[in-house]
Engineer: 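Provided herewith is a single structure, encoded as structure tokens, for subsequent inquiry.
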Amino acid sequence: MRKLQQLAMISLLFVAPLAREEPAIVIRAGMLLDGKGGVQRGVSIVVQGSKIVKLSSQTSSPTYDLRTLTILPGLIDTHVHISYHFGQDGRASNRGETPAQEAFYAAENAYLTLMAGFTTVQSVGAAADVPLREAIARGTLPGPQILTSIRTLNENSGTPDQLRELVRKLKTEGADVVKIFASKSIRDGGAQTMTDEQLIAVCGEAKAQGLRTMVHAHAAGAIKAAVHAGCGQIEHGVFVDDESLKLMAERGVYFDPNIGLVIQNYLRNKSRFLGIGNYTEEGFAQMEKAIALNNALIKKAVATPGLKLVLGTDAVAGAHGRNADELIARVREGGQKPLDAITSATSLAAKSLNLENNIGTLAPGFEADLIAVDGDPMRDITALTRVVFVMKSGKVYKNVR
Ligand SMILES: [Zn+2]
């Protein structure tokens, strides 16, 4: 045994100097927002391989001199549909498309999202997310790190026992999260659809399997049922009331209202959606009403003590790459403090994904996912739409200073 150890030591002595260490990259920041509410000036970030190794006060001869810019962690969107796109006829129905065509549209969305400064997204509801997740993880195709639910579960997915079985199946298929529809679409009124028993089955089994859960819910009753069932995150919540906001805060459930991008995008692109499924004139009328409801809801949500407001946009066709619009609206309409909005899209979003030790914070040991924006987002939140530098896992994907 001793001999083996000695041999190992000797071989290390010979191998170590030969092991090629990548040279460190030093990025000089003007202002640095660490993703946890901290603000620093006059620092440089030292990156080795895919990781941040230190923040240093050394400012001479950086690899990238970004002293006129604000550096922050790569942004995280916890709710997108990365494959949704307008097809060759300009419509969202994508009729007659081949899988190869679909794959390239999804890759385009991934590219747009990364260029907008989003280095991680959670995509909820498409099996096509899996090969895209793997392709990007191979390190050549530019795109954000992708987490996916692969499919979605709803009131028609089965009995409580069947639902538990489906959750276990998702686990073996490599799902990162379980996406659940507990209420109707906002275009159909948003009432609760799944029974309390179904919700308890899904969220209980997911917890047992170590899977996170996120729940589409509009009606206050559906939100409360999902929280009581032990689900982890609530999406949309157009009809949320004070009681359900308080309940989410008390139970530490993440809340992701989508007030600044998705509905505006539907209205902007009405002709591309109209006539598909529930995208009817009546459905659009419901969405127009939802804008005012959303503006009222975000004010109440921001004012709810202890509520974990996390960034998610529900980005669909036409919205990819405009994800930061959601943050702008939360600040402008909801009165959220810009630094809190940034935290909701960085360290808090990372925590909602159980990735708080890997991403969402600029500190030694974290993944080198960082962006630089032109301007001070604390004074002007729209600076988040002026992303001029993107590094993901230590690799620079954008540098357009
Ligand atoms: Zn969605």
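All figures in this text were calculated on a predicted structure; none of them were measured in a lab.
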Engineer: So, are K224 and D241 salt-bridged, with charged N and O less than 4.0 Å apart?
Structural biologist: yes

Engineer: In plain terms, say whether R91 and D89 are close enough for a salt bridge, that is, a side-chain N and a carboxylate O under 4.0 Å apart.
Structural biologist: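 A salt bridge is absent here (no side-chain N lies under 4.0 Å from a carboxylate O).
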
Engineer: Are H85 and E97 linked by a side-chain donor-acceptor pair shorter than 3.5 Å?
Structural biologist: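 Note: H85 and E97 side chains meet the donor-acceptor criterion.
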
Engineer: Looking only at the side chains, is there a donor atom on one of E205 and Q209 sitting less than 3.5 Å from an acceptor on the other?
Structural biologist: yes

Engineer: Check the surroundings of atom NZ in K270: do more than 12 heavy atoms from other residues, nucleotides or ligands lie under 6.0 Å from it?
Structural biologist: yes

Engineer: Could you tell me whether R330 and D325 make a salt bridge, using a distance below 4.0 angstrom between a side-chain N and a carboxylate O?
Structural biologist: no

Engineer: Please determine whether ring-ring contact (aromatic ring centres under 6.0 Å, His included) holds for the pair F389 and Y397, giving the CA-CA distance in whole Å, both sets of side-chain angles, and the decisive distance to 0.1 Å.
Structural biologist: CA-CA 8 Å; F389 183 90; Y397 286 91; over 10 Å; no

Engineer: Can you list every pair that meets salt bridge (Lys or Arg N to Asp or Glu O under 4.0 Å) and has a residue in residues 31-60, with sequence neighbours left out?
Structural biologist: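 Pairs touching residues 31-60 that pass the test: K51-E367.
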
Engineer: Could you measure the distance from the CG atom of N354 to the CG atom of L147? Nearest 0.5 Å is fine.
Structural biologist: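 These two atoms lie 10.0 Å from each other.
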
Engineer: Whether the T382 and R386 side chains hold a donor-acceptor pair (N or O, under 3.5 Å, no angle test) is what I'd like checked.
Structural biologist: yes

Engineer: Go through L327 and I342 one step at a time and tell me if the side chain to side chain contact (heavy atoms under 4.5 Å, CB included) criterion holds.
Structural biologist: CA-CA 8 Å; L327 292 169; I342 289 167; 5.7 Å; no

Engineer: Can you check whether M115's main-chain N or O pairs, donor with acceptor, with K398's side chain at less than 3.5 Å?
Structural biologist: yes

Engineer: When rounded to the nearest 0.5 angstrom, what is the spacing between OH in Y64 and CD1 in I71?
Structural biologist: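 Those atoms lie 12.0 Å apart.
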
Engineer: Using a 3.5 Å distance criterion without hydrogens, assess whether the side chain of K299 forms a donor-acceptor pair with backbone atoms of E333.
Structural biologist: yes

Engineer: Heavy atoms only: give me the nearest A116-V387 pair and the separation to one decimal.
Structural biologist: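 In terms of heavy atoms, the two residues are closest at O-CG2, 3.4 Å.
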
Engineer: Would you tell me whether S123 and D129 have side-chain atoms, one donor and one acceptor, within less than 3.5 Å of each other?
Structural biologist: yes

Engineer: Can you see whether Q192 engages D196 through a side-chain donor-acceptor pair at a distance of less than 3.5 angstrom?
Structural biologist: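 Note: Q192 and D196 side chains meet the donor-acceptor criterion.
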
Engineer: Is the shortest side-chain N to carboxylate O distance from K184 to E155 below 4.0 Å?
Structural biologist: no

Engineer: Around atom CD of E250, are there more than 12 heavy atoms from other residues, nucleotides or ligands closer than 6.0 Å?
Structural biologist: yes

Engineer: Just by modelled atom types, is the G35 backbone N or O under 3.5 Å from a matching donor or acceptor in the T346 side chain?
Structural biologist: yes

Engineer: Under a 4.5 Å cut-off applied to non-hydrogen side-chain atoms, are V130 and T148 in contact?
Structural biologist: yes

Engineer: Any chance CZ of R332 has more than 12 other-residue heavy atoms, nucleotides or ligands included, within less than 6.0 Å?
Structural biologist: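 Not buried by this count: 12 neighbours or fewer within 6.0 Å.
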
Engineer: With rounding to the nearest 0.5 angstrom, report the OH to CD1 distance, Y111 to I136.
Structural biologist: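 Y111 atom OH to I136 atom CD1 measures 13.0 Å (nearest 0.5 Å).
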
Engineer: Does a side-chain heavy-atom distance below 4.5 Å link M391 with I25?
Structural biologist: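 Touching, per the 4.5 Å side-chain cut-off.
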
Engineer: Determine whether V373 and L69 make a side-chain contact, defined as any pair of heavy atoms from C-beta on separated by less than 4.5 Å.
Structural biologist: no

Engineer: Using atom types as modelled, flag every donor-acceptor pair under 3.5 Å from a side chain in residues 226-238 to any protein atom, sequence neighbours excluded.
Structural biologist:
| residue | atom | partner | partner atom | Å |
| --- | --- | --- | --- | --- |
| Q233 | NE2 | T78 | OG1 | 3.3 |
| Q233 | NE2 | E235 | OE2 | 2.8 |
| E235 | OE1 | H79 | ND1 | 2.7 |
| H236 | ND1 | N258 | OD1 | 2.5 |
| H236 | NE2 | H216 | ND1 | 3.1 |

Engineer: One pair to check against side chain to side chain contact (heavy atoms under 4.5 Å, CB included): V396 and V390. What are the steps and the verdict?
Structural biologist: CA-CA 6 Å; V396 176; V390 176; over 6 Å; no

Engineer: Is any side-chain heavy atom of T119 closer than 4.5 Å to a side-chain heavy atom of L114?
Structural biologist: yes

Engineer: Sub-3.5 Å donor-acceptor pair from the side chain of T113 to the main-chain atoms of N109, do we have one?
Structural biologist: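 Checked: pair present.
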
Engineer: Could you pull out the closest heavy-atom pair between I76 and L311, with the gap in Å?
Structural biologist: O-CD2, 3.5 Å

Engineer: Atom CG in L33, atom CD1 in I371: separation rounded to 0.5 Å?
Structural biologist: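 Going from the CG atom of L33 to the CD1 atom of I371 covers 9.5 Å.
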
Engineer: Can a donor-acceptor pair be found between the side chains of Q122 and R212 at a distance below 3.5 Å?
Structural biologist: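 Note: Q122 and R212 side chains meet the donor-acceptor criterion.
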
Engineer: Taking C-beta and beyond as the side chain, do V53 and P364 meet within less than 4.5 Å on heavy atoms?
Structural biologist: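 Result no, sub-4.5 Å side-chain heavy-atom pair not found.
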
Engineer: Using only atom types and a distance under 3.5 Å, with no angle test, would you say the side chain of T193 pairs donor to acceptor with the backbone of S183?
Structural biologist: yes

Engineer: Please report the shortest heavy-atom distance between A24 and V46, naming the atom on each side.
Structural biologist: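 The pair with the smallest heavy-atom distance is CB-CG1, 3.9 Å.
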
Engineer: Can you tell me how far apart OH (Y279) and OH (Y266) are? Round to the nearest 0.5 Å.
Structural biologist: 3.0 Å

Engineer: Under 3.5 Å, side chain of T304 to main-chain N/O of L307, donor-acceptor pair present?
Structural biologist: no

Engineer: Are the side chain of N269 and the backbone of N265 linked by a donor-acceptor contact shorter than 3.5 Å?
Structural biologist: yes

Engineer: Checking V178 against M214 for the side chain to side chain contact (heavy atoms under 4.5 Å, CB included) test, could you report, in this order, the C-alpha distance in whole Å, the side-chain angles of both residues, the deciding distance, and whether it holds?
Structural biologist: CA-CA 6 Å; V178 181; M214 68 192 295; over 6 Å; no

Engineer: Over all heavy atoms of both residues, which pair between S83 and A106 is shortest? Give the atoms and the distance, please.
Structural biologist: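 Heavy atoms of S83 and A106 come nearest at CA-CB, 3.9 Å.
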
Engineer: Quick test of your reading of the model: are E165 and K169 salt-bridged, counting only N-O distances below 4.0 Å?
Structural biologist: no

Engineer: Residues two or more places apart in sequence or in another chain: which of them pass side-chain hydrogen bond (donor to acceptor under 3.5 Å, both in side chains) with R28?
Structural biologist: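 Here no residue qualifies.
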
Engineer: A quick test of your reading: do over 12 heavy atoms of other residues, nucleotides or ligands sit less than 6.0 Å from NZ of K207?
Structural biologist: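 Result for NZ/K207: open.
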
Engineer: Identify the two heavy atoms, one from S157 and one from T152, that lie closest to each other, and give their separation to 0.1 Å.
Structural biologist: OG-O, 4.4 Å

Engineer: May I ask you to decide if S347's main-chain N or O and T361's side chain share a donor-acceptor pair within less than 3.5 Å?
Structural biologist: no

Engineer: Any sub-3.5 Å donor-acceptor pair from Q58's side-chain atoms to S60's backbone N or O?
Structural biologist: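 Yes; at least one donor-acceptor contact below 3.5 Å.
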
Engineer: What closest approach, in Å, do I291 and I263 show between heavy atoms, and which atom pair accounts for it?
Structural biologist: CG1-CG2, 3.7 Å

Engineer: Considering residues, nucleotides and ligands other than F284, do more than 12 of their heavy atoms fall under 6.0 Å from its CZ?
Structural biologist: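 Atom CZ in F284 is packed in, count exceeds 12.
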
Engineer: Mind running side chain to side chain donor-acceptor pair (under 3.5 Å) on T159 and D161 for me, showing each step along the way?
Structural biologist: CA-CA 5 Å; T159 63; D161 274 343; 5.5 Å; no

Engineer: Does any N or O in the side chain of R133 come within less than 3.5 Å of the main-chain N or O of I146, such that one atom is a donor and the other an acceptor?
Structural biologist: no

Engineer: Indicate whether any N or O donor in one side chain lies under 3.5 Å from an N or O acceptor in the other, for T313 and E326.
Structural biologist: no

Engineer: What's the spacing between T195 OG1 and L163 CG if we round to 0.5 Å?
Structural biologist: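 Reported value, rounded in 0.5 Å steps: 8.0 Å.
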
Engineer: Given L32, which of I27, V43, V39 fulfils the side chain to side chain contact (heavy atoms under 4.5 Å, CB included) condition?
Structural biologist: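 Among I27, V43, V39, the one that satisfies the side chain to side chain contact (heavy atoms under 4.5 Å, CB included) with L32 is V43.
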
Engineer: What I'd like to find out is whether the side chain of L153 reaches to under 4.5 Å of the side chain of K179, using heavy atoms alone.
Structural biologist: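 A side-chain contact is absent here, since even the closest heavy-atom pair is not under 4.5 Å.
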
Engineer: Where do N399 and R401 land on the side chain to side chain contact (heavy atoms under 4.5 Å, CB included) test, with the steps shown first?
Structural biologist: CA-CA 6 Å; N399 183 11; R401 286 170 292 145; 2.9 Å; yes

